[in-house]
Amino acid sequence: MKSFTSFSDIADLSSLVQDALACKKAPLSFSSLGQHKTLVMLFFNPSLRTRLSTEKAALNLGMQVISMNADQGWNLEFEDGAIMNAGSAEHVREAAAVISQYADVIGIRTFPSLKDRDKDYADQVLNSFLRYARVPVISLESAIRHPLQSLTDVLTVEEYKKTSRPKVVLTWAPHPRALPQAVPNSFVEWMRHAGVDLLITHPQGYELAPEFAAGIPVEYDQNKALEGADFVYAKNWSSYLQYGQILNQDPDWQITRQKMERTNDARFMHCLPVRRNVIVEDAVLDSASSVVIEQAGNRTYAAMAVLKSILTNAL
Ligand code: AN0
Ligand code: CP
């Protein structure tokens with residue numbers, strides 16, 4: 001693996017998952033693999049889990065880590081041929097090449113604008129780093145994907161499943177702010193290869209981009225969708241069709257204990273951060289069915305498996 005930005009970068013999902021599980025069993029058994037290698041992480045947007053778990057993963061592998069908040073006062077130019085006589089002081093061509101002088105692996109987190117669909121789906125920030133960096137690049141969530149989260153989600157389903165082919169329901173849930181489609185896009189991109197029966201449920205107008213959701217069944221009746229589910233994965237996202245808009249805030253889409261009773265004693269999952277009693281009731285989040293904390297814990301081992309594979313193949 002040279003860079004890690006989407007499902008298509010990996011060679012084999014089940015071996016990556018097995019590797020992550022091996023890292024979980026013995027997190028320090030590869031502690032010299034990354035010696036004298038440096039991970040530089042740039043955060044164009046904030047993060048709790050991704051930042052700390054990826055840093056922890058790198059430290060477990062013996063790497064050095066430098067993290068930089070790139071969300072304030074650092075206006076990079078991304079347009080080719082730009083005449084830089086306005087706000088931007090530096091072009092990504094130099095920035096990515098220069099960071100590559102200090103880093104063996106670069107991590108990038110960036111959110112979409114949610115204003116211009118074509119621009120967001122071109123994933124310009126991440127792709128510019130891929131193009132101009134001289135070392136492997138890891139997505140720490142881009143405008144349209146969150147692959148470290150999705151690998152974690154596959155790993156977590158693998159750990160908790162009680163049947164060989166569980167029913168996994170991705171359900172939209174309400175949220176007061178317009179959120180990216182990155183988590184659900186990526187979730188579908190990875191889950192379709194994970195040996196599960198995947199079903200998506202959301203209100204009309206929240207259809208995901210066809211490049212991600214094509215061929216995956218959608219049930220517009222959430223109650224029906226939840227019948228017999230083994231995993232309920234809740235997430236809000238803004239509309240793709242009416243790009244970036246909030247079309248619905250119907251509290252009836254919240255995941256409640258009553259709704260969980262329709263499932264096959266399902267595990268509740270969410271990538272976090274989660275709005276309590278908006279996305280999901282306290283009674284579900286605080287119940288034994290919820291695995292959100294364990295899921296977040298698994299972020300470290302997913303990141304370890306990815307970094308290991310970059311360190312062993314590409315550096
Ligand atoms: C972000 C999102 O929905 O993409 C990050 C989730 C991992 N969520 C929020 O900003 C609440
Ligand atoms: N789930 C997730 O990526 O969380 P952060 O935004 O805190 O990194």
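This chain uses plain numbering: 1 for the first residue, then up along the sequence. Values below: all heavy atoms of this structure, side chains included; hydrogens, waters and symmetry mates excluded. Each ligand, and each atom within it, is numbered from 1 in the order the structure gives.
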(message) Can you tell me how the ring of W253 sits relative to the ring of W172, calling it parallel under 30°, perpendicular over 60° and tilted otherwise?
(response) perpendicular
(message) Side chain or backbone, does P46 bring an N or O within less than 3.5 Å of an N or O on ligand 2?
(response) no
(message) Running the 4.5 Å side-chain criterion over Ile, Leu, Val, Met, Phe, Trp and Tyr, what cluster does F212 land in, apart from itself?
(response) L114, Y121, I144, Y240, L241, Y243
(request) If you have a sec, work out which protein heavy atom is nearest atom 7 (O) of ligand 2 and how many Å separate them, to one decimal? (result) L48 N, 2.7 Å
(request) Find the distance between OH (Y206) and CG (L247) and round it off to the nearest 0.5 Å. (result) 4.5 Å
(request) Provide the closest heavy-atom pair for K259 versus Q254 in the form atom of the first, atom of the second, distance. (result) NZ-O, 2.6 Å
(request) Go through the steps to decide whether F268 and V280 satisfy the test side-chain contact (heavy atoms from CB on, under 4.5 Å), and finish with yes or no. (result) CA-CA 10 Å; F268 176 81; V280 56; 3.7 Å; yes
(message) Any side-chain to backbone donor/acceptor pair from N248 onto D250? Under 3.5 Å, distance only.
(response) yes
(request) Could you name the option among R51, H270, Q295, R299 that has the heavy atom nearest to atom 2 (C) of ligand 2? (result) R299
(message) With side-chain contact (heavy atoms from CB on, under 4.5 Å) as the criterion, how do S289 and V284 come out once you've worked through the C-alpha distance, each side chain's angles and the decisive distance to 0.1 Å?
(response) CA-CA 7 Å; S289 309; V284 175; 5.6 Å; no
(request) Could you find the nearest protein heavy atom to atom 4 (O) of ligand 2 and give me its residue, atom name and distance? (result) R49 NE, 2.9 Å
(request) Scan side-chain atoms only and decide if T156 and E294 contain a donor-acceptor pair under the 3.5 Å cut-off. (result) no
(request) Could you list which atoms of ligand 2 come closer than 4.0 Å to a heavy atom of L272? (result) 1 (N), 2 (C), 4 (O)
(request) Could you list the atoms of ligand 2 found under 4.0 angstrom from a heavy atom of H146? (result) 2 (C), 3 (O)
(request) Quick one: closest heavy-atom pair of A95 and L76, and the distance? (result) CB-CD2, 3.8 Å
(request) Report the nearest protein non-hydrogen atom to atom 6 (O) of ligand 2: residue, atom name, distance rounded to 0.1 Å. (result) R109 NH1, 2.8 Å
(request) For Q124 and E79, run side-chain contact (heavy atoms from CB on, under 4.5 Å): C-alpha distance rounded to whole Å, both residues' side-chain angles, the deciding distance at 0.1 Å, then the answer. (result) CA-CA 9 Å; Q124 188 184 42; E79 298 302 329; 3.2 Å; yes
(request) Just let me know how L148 lines up against ligand 2, side chain, backbone, both or neither, with a heavy-atom cut-off below 4.0 Å. (result) neither
Below 3.5 Å only, please: the N or O atoms of ligand 1 paired with protein N or O atoms, distance on each line.
residue: ligand 1; atom: 3 (O); partner: K235; partner atom: NZ; Å: 2.7
residue: ligand 1; atom: 4 (O); partner: E141; partner atom: OE2; Å: 2.7

